[in-house]
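The structure appears below as structure tokens.
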Protein chains: 2
Amino acid sequence: MNEPEVHSVKEPARSIPEPTLRRLPLYYRLLKQLRDGGRTGVSCTMIGTELKLDPTQIRKDIEMTGTVGRPKIGYDVHDLICAIERFLGWDNTIEAFLVGAGSLGEALMGYAGFAECGLQIVAAFDVDPNKCHRVIHDKHVRHVSKLPNLMRRMKVRFGIITVPASEAQQAANLLVEGGVLAIWNFAPAKIEVPERVLVTNEDLYCSLAVLSQKMTRKLAQSRAKGVSKP
Amino acid sequence: MNEPEVHSVKEPARSIPEPTLRRLPLYYRLLKQLRDGGRTGVSCTMIGTELKLDPTQIRKDIEMTGTVGRPKIGYDVHDLICAIERFLGWDNTIEAFLVGAGSLGEALMGYAGFAECGLQIVAAFDVDPNKCHRVIHDKHVRHVSKLPNLMRRMKVRFGIITVPASEAQQAANLLVEGGVLAIWNFAPAKIEVPERVLVTNEDLYCSLAVLSQKMTRKLAQSRAKGVSKP
DNA sequence: TAAATATCGAGAATTAATTCTCGATAAGGA
DNA sequence: TCCTTATCGAGAATTAATTCTCGATATTTA
């Protein structure tokens, strides 16, 4: 039942806390700014002040990437950038297919910053023949029927779904047929895939819920404090 | 130092856990599907099976909305839908201004589902004069210079930022000038606003980090297991 | 050279979130 | 009618994440 725990080196076999993974890109962005500004060293205190986060938390996050700092000095900016890249897998190129060439798909194809993370959208697909045979941001849009074969042939292992909710499952099926390893799903719908496939949902309604609930409570509070029954 | 805790009714003064807020829309979507399918009752067990979540967790989340269930029966689907709507503030219309009429902005303007959450994007703005004076999804696109005044005049309190990272702060400034209460920021950049303004960042790079790190580890594992030094 | 200080790293303490346990209850079948 | 079962709700136990504490260390300043 329990794995033998035989690690050749100090590879982190345990899974990394998701909050940590979500914070690393924030540090990464700041570090690049600092580097471009000519800085070579940085401390957790400074990152914390800049990002309004607890320095200890940042130290623990950085520890995960394997970077060691020096007391009184902090970390080397360049080393840290490289370590985060390596840790997140942003030092290797990942080729991706995008399904759904609507405005959201177009927006993602235009995200220049993805290149820095090693993400390269190599082609887009759509069911609508009118949207096919176009070129958006240098990428060809093809008909979805071509997806599975092309995916296997080009050995692409990553899929991005930007179709409407009603077509999300079909899109997922095509990607699975093509041998996808991980899917980034922007459709507000749950998709059913084999267990081996990693899925991350980018569900805008979940974020909206956080914001609108907080806003509603804030409005209620200010109303209660302000004009309580005029 | 401590508030007197005098609540007229049973308003939840404590803040709601964010994980709960992020799960509620998932239940909401499923419940609407069930309702449209003719179901009137539902149990946590069923929701849990459908969404692959722990039933106890769902029960606790639902408790937050103030809905009570009955043993052996579960909850009334209609009641639960209404309770979630009320709890998230989705039963009232929130009017929003969108800054940045690029493809991402266009995509959000086209999200029909936002209406169900009470979110109504009433106008869009852009710095680029070529993008102005158009109509996208029935909404006018105006020049950003018009934003602060129009926002005050129309009493709009919600802002959505879909400009490139380099222009995010400017966009935020305009919204603050217009008296914004909450901002949904899609630009991959941190924005500086007065403390009273709520901000939720929809940073795609944070999500990408989670996915690419997991994918990288998985690939490393399968490589280790498969061909270990040929 | 010595004192003062900013910082890291390790581990303890705290807080938040999830999962487990169990008694109560309501429906359906024996 | 009574037994069985599915479920809720409350609270305990567990696990995960954050924050605090402190000793060690390297640099700067007196």
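Note on naming: letters A, B, ... go to the chains in the order of the sequence lines (proteins, then strands), and numbering restarts at 1 for each one.
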Pair A:R29-B:D203, salt bridge (Lys or Arg N to Asp or Glu O under 4.0 Å): steps then yes or no: CA-CA 12 Å; A:R29 193 175 298 151; B:D203 194 326; 2.8 Å; yes

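Of all non-hydrogen atoms in B:S222 and B:L219, the two that sit nearest each other are OG-O, 3.0 Å. A pairwise comparison of heavy atoms in A:G89 and B:T216 identifies CA-OG1, 3.4 Å as the closest pair. Taking both residues in full, the closest heavy atoms of A:T65 and A:F87 are given as CA-CD1, 3.9 Å, listed atom of the first, atom of the second, then distance. Taking each heavy atom of B:I16 and A:Q213 in turn, the nearest pair found is CG1-NE2, 3.4 Å. Listed here is the closest heavy atom pair of B:E85 and B:Y28: OE2-OH, 2.6 Å.
By the side chain to side chain donor-acceptor pair (under 3.5 Å) test, A:S103 is found to be paired with no residue, residues two or more places apart in sequence or in another chain being considered. B:E195 pairs by the side chain to side chain donor-acceptor pair (under 3.5 Å) definition with nothing, not counting sequence neighbours. Partners of A:D91 by side chain to side chain donor-acceptor pair (under 3.5 Å), not counting sequence neighbours: none found. Judged as a side chain to side chain donor-acceptor pair (under 3.5 Å), and not counting sequence neighbours, A:D79 has no contacts.
Across the protein-nucleic acid pair, B:D61 atom CG and D:dG9 atom P stand 13 Å apart, rounded to whole Å. Rounded to a whole Å, the CD1 atom of B:I16 is 14 Å from the C1' atom of C:dA17. Going from atom CG of A:D76 over to atom P of C:dT7 covers 16 Å, rounded to whole Å.
Heavy-atom distances under 4.0 Å link DNA chain D to A:D54, A:T56, A:Q57, A:K60 of residues 48-60 of chain A, given in residue order. Of all the residues in residues 199-210 of chain A, not one reaches under 4.0 Å from DNA chain C with any non-hydrogen atom. If you check residues 40-47 of chain B against DNA chain C, you find no residue with a heavy atom closer than 4.0 Å. Remark: B:P19, B:R23 in residues 18-28 of chain B come within less than 4.0 Å of DNA chain C through at least one heavy atom.
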Output a table of donor-acceptor pairs, distance under 3.5 Å, between side-chain atoms of residues 174-190 of chain B and any protein atom two or more places apart or on a different chain; print 'none' if there are none.
{"residue": "B:W184", "atom": "NE1", "partner": "B:E202", "partner atom": "OE1", "Å": "3.0"}
{"residue": "B:N185", "atom": "OD1", "partner": "B:A187", "partner atom": "N", "Å": "3.0"}
{"residue": "B:N185", "atom": "ND2", "partner": "B:A187", "partner atom": "O", "Å": "3.4"}
{"residue": "B:N185", "atom": "ND2", "partner": "B:A189", "partner atom": "O", "Å": "3.0"}
{"residue": "B:N185", "atom": "ND2", "partner": "B:N201", "partner atom": "OD1", "Å": "2.9"}

Please output the side-chain donor-acceptor pairs of residues 158-170 of chain A that fall under 3.5 Å, not counting sequence neighbours, one pair per line with the distance.
{"residue": "A:T162", "atom": "OG1", "partner": "A:V99", "partner atom": "O", "Å": "3.1"}
{"residue": "A:T162", "atom": "OG1", "partner": "A:G100", "partner atom": "O", "Å": "2.6"}
{"residue": "A:Q169", "atom": "OE1", "partner": "A:E192", "partner atom": "N", "Å": "2.8"}
{"residue": "A:Q169", "atom": "NE2", "partner": "A:N173", "partner atom": "OD1", "Å": "2.9"}
{"residue": "A:Q169", "atom": "NE2", "partner": "A:E192", "partner atom": "O", "Å": "3.0"}

With a 3.5 Å cut-off and sequence neighbours excluded, list the donor-acceptor pairs that the side chains of residues 104-118 of chain A form with protein atoms.
{"residue": "A:E116", "atom": "OE1", "partner": "A:K32", "partner atom": "NZ", "Å": "2.7"}

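With respect to A:R35 and A:D76, no salt bridge is recorded, no charged nitrogen being found less than 4.0 Å from a carboxylate O.
Residue B:Y75 has no polar side-chain atom (N or O) positioned under 4.0 Å from OP1 or OP2 of D:dA6.
Looking only at distances, no side-chain donor or acceptor of A:K214 sits under 3.5 Å from a matching main-chain atom of B:S15.
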Under 4.0 Å protein heavy-atom contact, by nucleotide of nucleotides 23-30 of chain D - B base, S sugar-phosphate only: --BBB---

